Visitor: 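Before we start, here is the structure in question, set down as structure tokens.
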2 protein chains.
Amino acid sequence: MELKKLIAEQGIRCSIEKGTRVFSQGDESEYVYLVEQGLLKAFYVTANGKETIKSFIQPHSIIGSLNAAHCQTPCTFSLEAIEPSFLIRFPFSQLLKASERSLTISQEVIQILLGLALKKERREFELLTLSATERFENLKNAEPALIEKLTQNDIAKYLGITPVALSRIKNQ
Amino acid sequence: MELKKLIAEQGIRCSIEKGTRVFSQGDESEYVYLVEQGLLKAFYVTANGKETIKSFIQPHSIIGSLNAAHCQTPCTFSLEAIEPSFLIRFPFSQLLKASERSLTISQEVIQILLGLALKKERREFELLTLSATERFENLKNAEPALIEKLTQNDIAKYLGITPVALSRIKNQ
DNA sequence: GTGTGGCATTAACCTATGTTAAAATTTCAA
DNA sequence: TTGAAATTTTAACATAGGTTAATGCCACAC
């Protein structure tokens with residue numbers, strides 16, 4: 001892919017220790033990040049301190065706060081490494097500029113955004129129509145390998161329930 | 001906008017009566033629709049017959065089942081007119097082809113997809129972190145005019161609760 | 001006007017999930 | 001190997017929202 005090549009060649013590599021943040025909710029960040037290795041979580045912290053996980057980020061995906069990168073507002077979520085990770089960071093504006101110059105790159109951006117929209121739509125569907133138990137079953141089926149690497153705490157925060165509720169669900 | 005011009009010039013106009021569907025969950029549909037006038041709802045019906053509303057569609061927006069249009073799978077939701085509506089339908093594949101030929105159009109597609117992704121992200125945030133009461137407050141603030149046109153039934157289905165629960169919330 | 005059908009409200013009861021806290025288990029560093 | 005910290009489980013109780021059903025409220029056709 002042209003786009004990933006561009007990012008790999010011109011982006012800045014960074015190594016993130018387990019438990020460390022790439023950026024925090026409220027920060028300004030004009031970057032997108034290409035994950036080369038590792039595992040991260042993107043999460044919100046609400047006013048009353050509750051944490052909920054938006055998504056887990058695995059190698060080869062591109063992540064960044066669209067709000068921050070595109071609308072020049074603060075990041076709406078934080079990004080933290082669950083395992084030691086290697087990322088390449090690249091300014092979002094440069095990515096858009098590259099897409100203005102090259103049809104190949106703009107096609108790739110379209111494909112990435114389509115994929116993102118499809119993923120968000122599935123998540124919306126699950127949150128809107130399924131019970132916590134059903135969402136947990138779905139996750140187990142879709143990402144069995146991922147679940148092995150996560151704490152129950154993080155799985156619960158992703159499902160939108162408490163670890164206590166997840167423990168109950170697991171024992172029927 | 002080049003893209004909307006293209007759709008307006010080459011798409012097929014259709015008039016949809018109130019209560020009538022543009023397409024139904026399970027259909028194949030390779031189209032996207034540009035809404036010229038009216039108001040529609042995009043909704044899921046679950047296995048046990050429960051209806052939940054994904055989004056309300058107002059004039060100037062573009063709507064279609066990404067899954068069906070892009071992945072050649074059946075539509076994941078139905079689209080129905082809440083008010084008499086006028087749409088223009090246009091094959092999604094032609095839209096992608098146009099974006100392969102023209103940098104202007106591909107930029108517009110990117111902007112539309114970015115907007116969609118941002119909207120879905122906000123919805124995901126609300127479903128994940130807010131209570132039904134808070135989601136209702138948010139909707140009232142964000143779309144006061146829209147709320148006037150909707151039945152309580154449809155508002156409830158959009159919030160992910162029952163009309164009974166919404167009635168309770170309204171009286172504190 | 002009168003009746004019919006679709007909303008909206010109310011009430012009583014039910015269930016899933018939250019909250020708090022304590023106990024059990026695992027992990028890991030010294 | 002041991003102890004401290006983190007994670008998971010369990011239990012008891014609280015609460016939001018679901019379910020069902022009865023009632024009230026309109027709007028519209030006749």
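This structure is a prediction, so every number in the text was calculated from the model and none was measured.
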Visitor: Please check this pair: side chain of A:D27 against backbone of A:S24, looking for a donor-acceptor N/O pair closer than 3.5 Å.
Guide: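 Yes, A:D27 side chain to A:S24 backbone: donor-acceptor pair under 3.5 Å.
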
Visitor: Hey, what's the ring geometry for B:F56 with B:Y158, parallel, tilted or perpendicular (30° and 60° as the breaks)?
Guide: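 Ring orientation, 0 to 90° scale: tilted.
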
Visitor: Go through the steps for A:L150 and A:L39 under the test side-chain contact (heavy atoms from CB on, under 4.5 Å), then give the verdict.
Guide: CA-CA 10 Å; A:L150 300 174; A:L39 177 63; 4.2 Å; yes

Visitor: Rounded to whole angstroms, how far apart are CD on A:E148 and P on D:dT7?
Guide: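 After rounding, the gap between these two atoms is 17 Å.
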
Visitor: Side chains of A:T46 and A:N48 only: does a donor on one sit below 3.5 Å from an acceptor on the other?
Guide: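 On atom types as modelled, these side chains qualify, holding a pair under 3.5 Å.
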
Visitor: Between B:I161 (CD1) and D:dA16 (C1'), how many Å, whole number?
Guide: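 Those two atoms, CD1 and C1', are 10 Å apart.
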
Visitor: With a 4.0 Å limit, can you tell me whether A:T151 has a side-chain N or O closer than that to the phosphate oxygens OP1/OP2 of D:dT7?
Guide: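 No, A:T151 has no side-chain N/O under 4.0 Å of OP1/OP2 on D:dT7.
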
Visitor: How many Å lie between CG on B:L127 and C1' on D:dG17, as a whole number?
Guide: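 The answer, rounded to whole Å, is 15 Å.
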
Visitor: Compare the minimum distances between each of D:dT10, D:dG18, D:dT20 and the side chain of A:S167, then state the nucleotide with the smallest one.
Guide: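 Looking only at side-chain atoms, A:S167 lies closest to D:dT10.
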
Visitor: What is the first contacted nucleotide of DNA chain C and what is the last, in 5' to 3' order, if contact means an atom lying under 4.0 angstrom from a heavy atom of chain B?
Guide: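 Footprint of chain B along DNA chain C, 5' to 3': C:dA8 to C:dA12.
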
Visitor: How many whole angstroms separate atom CG of B:L166 from atom C1' of D:dG18?
Guide: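 Going from CG in B:L166 over to C1' in D:dG18 covers 14 Å.
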
Visitor: Both A:T133 and B:L150 contact DNA chain C. Which one's nearest nucleotide lies toward the 5' end?
Guide: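 Closer to the 5' end of DNA chain C: B:L150.
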
Visitor: Do A:K54 and A:F77 form a cation-pi contact, if we require the NZ or CZ to be under 6.0 Å from the six-membered ring centre and within 45 degrees of the ring's axis?
Guide: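 Geometry flag: set, cation within 6.0 Å and 45°.
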
Visitor: What is the distance, rounded to the nearest whole Å, between atom CD1 of A:I82 and atom P of D:dT7?
Guide: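 Nearest whole value for this atom pair: 12 Å.
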
Visitor: Taking the six-membered ring for Trp, is the centroid-to-centroid distance between A:F90 and A:Y33 below 6.0 Å?
Guide: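 Centroid separation for A:F90 and A:Y33: 6.0 Å or greater.
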
Visitor: Please answer whether the main-chain N or O of A:I12 pairs with a side-chain N or O of A:R89 as donor and acceptor at a distance below 3.5 Å.
Guide: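 No.
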
Visitor: To the nearest 10°, let me know how far the axis at one end of the helix from C:dG1-D:dC30 to C:dA30-D:dT1 is tilted from the axis at the other, five pairs an end.
Guide: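 It works out to 40° between the end axes.
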
Visitor: Using only side-chain N and O atoms of A:N171, determine if any of them is under 4.0 Å from OP1 or OP2 of D:dT10.
Guide: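 So the side-chain polar atoms of A:N171 do come within 4.0 Å of the phosphate oxygens OP1 or OP2 of D:dT10, strictly under.
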
Visitor: Sub-3.5 Å donor-acceptor pair from the side chain of A:Q107 to the main-chain atoms of B:S99, do we have one?
Guide: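 Looks like yes, one N/O pair under 3.5 Å.
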
Visitor: Which whole-number value in Å describes the distance from A:N153 CG to D:dT9 C1'?
Guide: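 Rounded to the whole Å, the gap is 13 Å.
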
Visitor: Output the rounded distance in Å from CZ (A:R168) to P (D:dC13).
Guide: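 Taking CZ of A:R168 and P of D:dC13, I get 14 Å after rounding.
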
Visitor: Measure from CG on A:D154 to C1' on D:dT7 and round the result to the nearest Å.
Guide: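 My rounded result for the distance is 11 Å.
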
Visitor: Sub-3.5 Å donor-acceptor pair from the side chain of A:E108 to the main-chain atoms of A:E2, do we have one?
Guide: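 Yes: the side chain of A:E108 pairs with the backbone of A:E2.
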
